[in-house]
Amino acid sequence: MLRMSTLFLRTLRDDPADAEVPSHRLLVRAGYIRRIAAGVYSWLPLGVITLRNIENIVRQEMDKAGFQEVHFPALLPKDAYEQTGRWSDYGPDLFRLQDRKGADYLLGPTHEEMFTLMVKGEYSSYKDLPLSLYQIQTKYRDEARPRSGIIRGREFVMKDSYSFDLTDEGLVESYQRHRKAYIATFDRLRLKYNIVSAVSGAMGGSASEEFLAPCETGEDTYVLCEKCGYAANVEAMTTVVAPTDASATPALEVFDSPNTPTIDTLVDLLNAKFGGGYDGAQTLKNVMLMADEKAISVLVPGDREVDLKRLQANLAGVNDLRVFEEADFAKFPGLVKGYIGPQDAKKNGITVYADPRIAPGTSWVTGANAKDKHARFVVSGRDFAIDHYIEAAQIRKGDACPTCATPVVIDRAIEIGHIFQLGRKYAQALNLTVLDQNGKSQVVTMGSYGIGVSRAVAAIAEQSYDEIGLSWPVEVAPAKVHLVATGKEDNVFDTAEKIALDLEARGISVMLDDRRGTSPGVKFKDAELIGIPVIVVVGKALENGNVEIRVRKSGEKSEIAVTGAVDAIAALLPTLP
RNA sequence: CGGGGCGUAGCGUAGUGGCUAGCGCGCCUGCUUUGGGAGCAGGAGAUCGGGAGUUCGAAUCUCCCCGCCCCGACCA
């Protein structure tokens, strides 16, 4: 039983000055967490209990799925990370340190290497697979910008799992088992979430999916079709456009277009010259970029920008991507700035990528590769060739859903889970092999799966708070019942104490506000701020032999006889989220 | 890393060259009060983020450093 009279807790009347997002503000005010450094927080008793409750739900669901818990240190020698290249690839996000002998160590940002080596150390036969292991552990990433309190910290608690299989089919099966376990976990946490494709499936499969909890303060943007349920990270959103019949389109026509440096000015000139009907969507923008020092052009409709994040995500194998600079234009004299068209790309030695909207047969207005000249009736596939189609155009609300063509909505969310078919990258690098049925050595294939446990505390808070405070789901709350004793009569406190003991005897955890001399208003405000789902008040109603039961989330109040209170509370709890 | 803002008691804040750094919350003592962050009286609590400088005099002006928050870049 938690007793307010002795609980290590001080709630704050004012919002902390350094907290903006609701979860951060309220978790600090209600005495769950305190900031230690940027992105580093300590947990007070209420916070620890809440975090543990979430951890236990995660643990139970992982165990139920047949995954086994192990535990690694956070402090790791660099060897394994050097073998996989991540000692350098991870860059400044990795916390590095040295021991007294000068040997390099790191604080683990994620543990693929360690799990791979652990399995390598114990297993060597296909008969031992499939295998899934997990841990719940503190991770360290020296984020460039920690933010939003506990949502993006530099130290955070994560559940990470790894699956090990002999075959690709086995991996898909393990992946599906994790997916199911994640659904069960997040449902129990009472989180609203969408499962979103994270990488455009080059293989057509669901190689990677994110669990996103929608909320205003989320830092991930995703696309959702409210009709068919299609959901994708913005990077993974696809565009479906059918080819057009261009047989009736007139031949390419070059025209004078002085002083049209922008799409807007070009559209104005088109409408003046050709009697209206033109808008930016009919023009073709040629964006020149350097991809690992190779010139590429990306074609998008003139009313859209190139989304560099999407482009990068979909340009496999390119590390360094940047827009053309003056010096780059100097190297390509065939490119007339402001009047570039794809017609001469081949001649200029430029690889052409295009948004799917530039489908074969579509007709465009674009640069004529000559100063002050544009061309219209420039037809894709007839007047210029596209080397590769790519998803790189910026996504907008109302774009067509790729599966049912309904206009999509764009929403923000917190990433609470990520499941990922890793493949053989780590197993290969660290030489994790098993013997197959024929006695032949085979590299194992892996999946990796993460749940942000401490982040889930914030995500749940973000989805359930209101103006007066937090409001936890029953299973997550630091106690199920917040029992408030108000008044100065011993009778009130004795009755509250008895109810509390009876509840605890029934396995219902209780926080008892047994503070003497604290005014009722303070106790009510604290109870509402802390957010335990059921508030029971022992006070004025006791004159009639009653107590008051309040549901924190709905605000519903009812009175019930003291004698039936414990039964009533026990019956009420299962009906609450 | 680029841009913006901020740093005064546990928390929220006032104080733009002048006297002993002010107020609210919280905390301690006493009395009163007990259904919506009570009242009165008394009290404790501050390296004014740090350092250097200007000045008769610096929380206040200058320089350097540190830290925090927000936007962006970045983020298995």
Side-chain angles (χ1 to χ4, degrees), chain A residues 9-21 24-25 28-31 34-41 44 81 84-86 89-94 108-115 139-149 151-154 156 158-162 198-199 208 210 217 219-220 233 235 308-309 312-313 321-322 414-415 417-423 425-426 446-452 455 468-469 484-489 492-493 513 515-529 535 537-543 547-548 550 557 559:
Chain A
L9 170 72
R10 195 99 309 160
T11 58
L12 305 178
R13 196 179 291 225
D14 301 304
D15 283 335
D18 62 356
E20 270 189 16
V21 303
H24 187 198
R25 227 179 58 222
V28 171
R29 267 193 66 197
R34 292 288 181 259
R35 192 183 58 75
I36 292 296
V40 182
Y41 288 81
L44 297 165
Y81 287 77
T84 57
R86 288 212 290 186
D89 289 354
Y90 221 97
D93 277 13
L94 196 61
T110 170
H111 283 69
E112 279 82 0
E113 284 84 351
M114 305 318 293
F115 274 86
K139 306 288 187 201
Y140 297 85
R141 292 182 196 173
D142 195 359
E143 297 278 354
R145 179 148 103 83
R147 73 184 88 180
S148 308
I151 294 177
R152 174 175 291 280
R154 295 192 294 171
F156 56 97
M158 175 162 146
K159 188 286 306 178
D160 50 329
S161 310
Y162 304 86
V199 172
S208 171
E210 290 170 355
T217 47
E219 42 179 4
D220 286 79
N233 202 304
E235 284 91 58
L308 283 177
K309 237 172 159 174
Q312 176 83 65
L321 188 67
R322 59 176 175 82
I414 301 176
E415 182 185 341
H418 193 168
I419 53 178
F420 185 33
Q421 294 181 24
L422 258 188
K425 177 182 170 186
Y426 291 93
M446 294 168 57
S448 88
Y449 317 89
I451 290 178
R455 180 180 278 184
I468 55 177
V484 177
T486 73
K488 50 179 178 179
E489 308 301 323
V492 165
F493 288 87
D513 196 341
R515 290 176 293 179
R516 297 269 183 161
T518 299
S519 73
V522 171
K523 293 184 177 182
F524 295 151
K525 292 282 186 208
D526 275 346
E528 285 149 359
L529 179 60
I535 300 169
V537 183
V538 183
K540 239 168 50 176
L542 196 56
E543 290 167 22
V547 296
E548 189 179 320
R550 304 179 184 179
K557 296 180 185 180
E559 274 195 21

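Order of the sequence lines sets the chain letters (A, B, ...), proteins ahead of strands, with each chain counted from 1. FYI, side chains are in, hydrogens and waters are out, and symmetry mates aren't considered; it's all heavy atoms of this structure. All values reported here derive from a predicted model rather than from experimental measurement.
- In terms of the side chain to side chain donor-acceptor pair (under 3.5 Å) criterion, residue partners of A:R154 (sequence neighbours excluded) are, by chain and number, A:D142.
- Counting any heavy atom pair closer than 4.0 Å across all strands shown, A:A527 reaches no nucleic acid atom.
- When the P atom of B:G36 is taken as reference, atom NZ of A:K557 falls 11 Å away, rounded to whole Å.
- With sequence neighbours left out, the side chain to side chain donor-acceptor pair (under 3.5 Å) criterion links A:E210 to A:N233.
- Scanning for ring-ring contact (aromatic ring centres under 6.0 Å, His included) contacts around A:Y41 gives A:H24, with sequence neighbours left out.
- With sequence neighbours left out, A:D14 forms a salt bridge (Lys or Arg N to Asp or Glu O under 4.0 Å) with no residue at all.
- Within the nucleic acid shown, A:E113 has no heavy atom closer than 4.0 Å to any nucleic acid atom.
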>> Please encode protein proximity along nucleotides 65-74 of chain B as a string of B, S and -, counting only heavy-atom distances under 4.0 Å.
In response: ---SSBBBBB

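- No donor-acceptor contact under 3.5 Å links the side chain of A:R10 to the base of B:C11.
- Counting non-hydrogen atoms under 4.0 angstrom, A:T518 reaches a base of the nucleic acid.
- A gap of 15 Å separates the P atoms of B:C69 and B:C11, to the nearest Å.
- B:G24 sits 36 Å from B:C63 when the C1' atoms are compared, rounded to a whole Å.
- Only the C1' atoms considered, B:G51 is 15 Å distant from B:G67, to the nearest whole Å.
- Here the P atom of nucleotide B:C25 and the CG atom of A:D15 are 18 Å apart, to the nearest Å.
- Residue A:D526 is classed as a base contact, given a heavy-atom separation below 4.0 Å to a base.
- To the nearest whole angstrom, the two P atoms, one in B:U13 and one in B:G17, are 23 Å apart.
- Among the protein residues, A:E489 comes within range of no part of the nucleic acid, since none of its heavy atoms lies under 4.0 Å from any strand.
- Regarding A:R515, its CZ atom lies at a distance of 13 Å from the C1' atom of B:U34, rounded to whole Å.
- Here the separation of B:G50 from B:A58, taken at their C1' atoms, is 16 Å to the nearest Å.
- In this structure, CD1 of A:I414 is placed 15 Å from C1' of B:C75, rounded to the nearest angstrom.
- Considering A:R550, A:K523, A:E548 in turn, A:R550 is the only one that fulfils the side-chain contact (heavy atoms from CB on, under 4.5 Å) rule with A:I535.
- Of the P atoms belonging to B:U60 and B:G7, the separation is 12 Å, rounded to the nearest Å.
- Ring orientation note: the planes of A:H111 and A:F115 are nearly perpendicular, at an angle over 60° on the 30°/60° scale.
- When the side chain to side chain donor-acceptor pair (under 3.5 Å) test is applied to A:T84, the partners found at least two apart in sequence or on another chain are A:E113.
- In this structure, A:E528 reaches the bases: a heavy-atom distance under 4.0 Å links it to at least one base atom across the strands shown.
- Rounded to an integer number of Å, the gap from A:L9 CG to B:C27 P is 12 Å.
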> Pairing of RNA chain B as dot-bracket, 5' to 3': ( ) intra-strand, [ ] crossing, | other strand, . unpaired, with Watson-Crick or G-U pairs under 3.5 Å?
Replying inline: ((((((((.[[[[.)..(...]]]].((((((.....)))))).....[[[[[..)....]]]]])))))))....

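- Using P as the reference atom, B:A38 and B:C19 are 36 Å apart when rounded to the nearest Å.
- Distance check, rounded to the nearest 0.5 Å: CD1 of A:I151 to CZ of A:R455 gives 8.0 Å.
- Heavy-atom minimum distance, A:P146 versus A:G39: CB-CA, 3.7 Å.
- At whole-Å resolution of the value, CD in A:E235 and C1' in B:C75 are 11 Å apart.
- Taking the C1' atoms as reference points, B:G26 lies 37 Å from B:C64, given to the whole Å.
- Not counting sequence neighbours, A:K525 has no partner by the salt bridge (Lys or Arg N to Asp or Glu O under 4.0 Å) test.
- Here A:R86 pairs with A:E112 in a salt bridge; the nearest charged N to carboxylate O distance falls below 4.0 Å.
- For A:R550 against B:G36, a side-chain N or O and a base N or O form a donor-acceptor pair under 3.5 Å.
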Produce the list of close N/O pairs, under 3.5 Å, pairing protein atoms with atoms of nucleotides 38-42 of chain B; give distances to one decimal.
from, atom 1, to, atom 2, distance (Å)
B:A38, OP2, A:S519, OG, 2.8

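- If you measure from atom CZ of A:R25 to atom P of B:C11, you get 18 Å, rounded to the nearest angstrom.
- In this structure, A:L542 and A:R455 both approach RNA chain B, and ranking their closest nucleotides by distance from the 5' end singles out A:L542.
- With sequence neighbours left out, the salt bridge (Lys or Arg N to Asp or Glu O under 4.0 Å) criterion links A:R515 to A:D513, A:D526.
- Residues passing the side chain to side chain donor-acceptor pair (under 3.5 Å) test with A:R152 are A:E143, A:E219, sequence neighbours excluded.
- Listed by chain and number, the residues in a salt bridge (Lys or Arg N to Asp or Glu O under 4.0 Å) with A:R10 amount to none (sequence neighbours excluded).
- In this structure, CG of A:D14 is placed 9 Å from C1' of B:U13, rounded to the nearest angstrom.
- Across the interface with RNA chain B, nearest-nucleotide mapping of A:R152 and A:T486 shows A:T486 to be the residue nearer the 5′ end.
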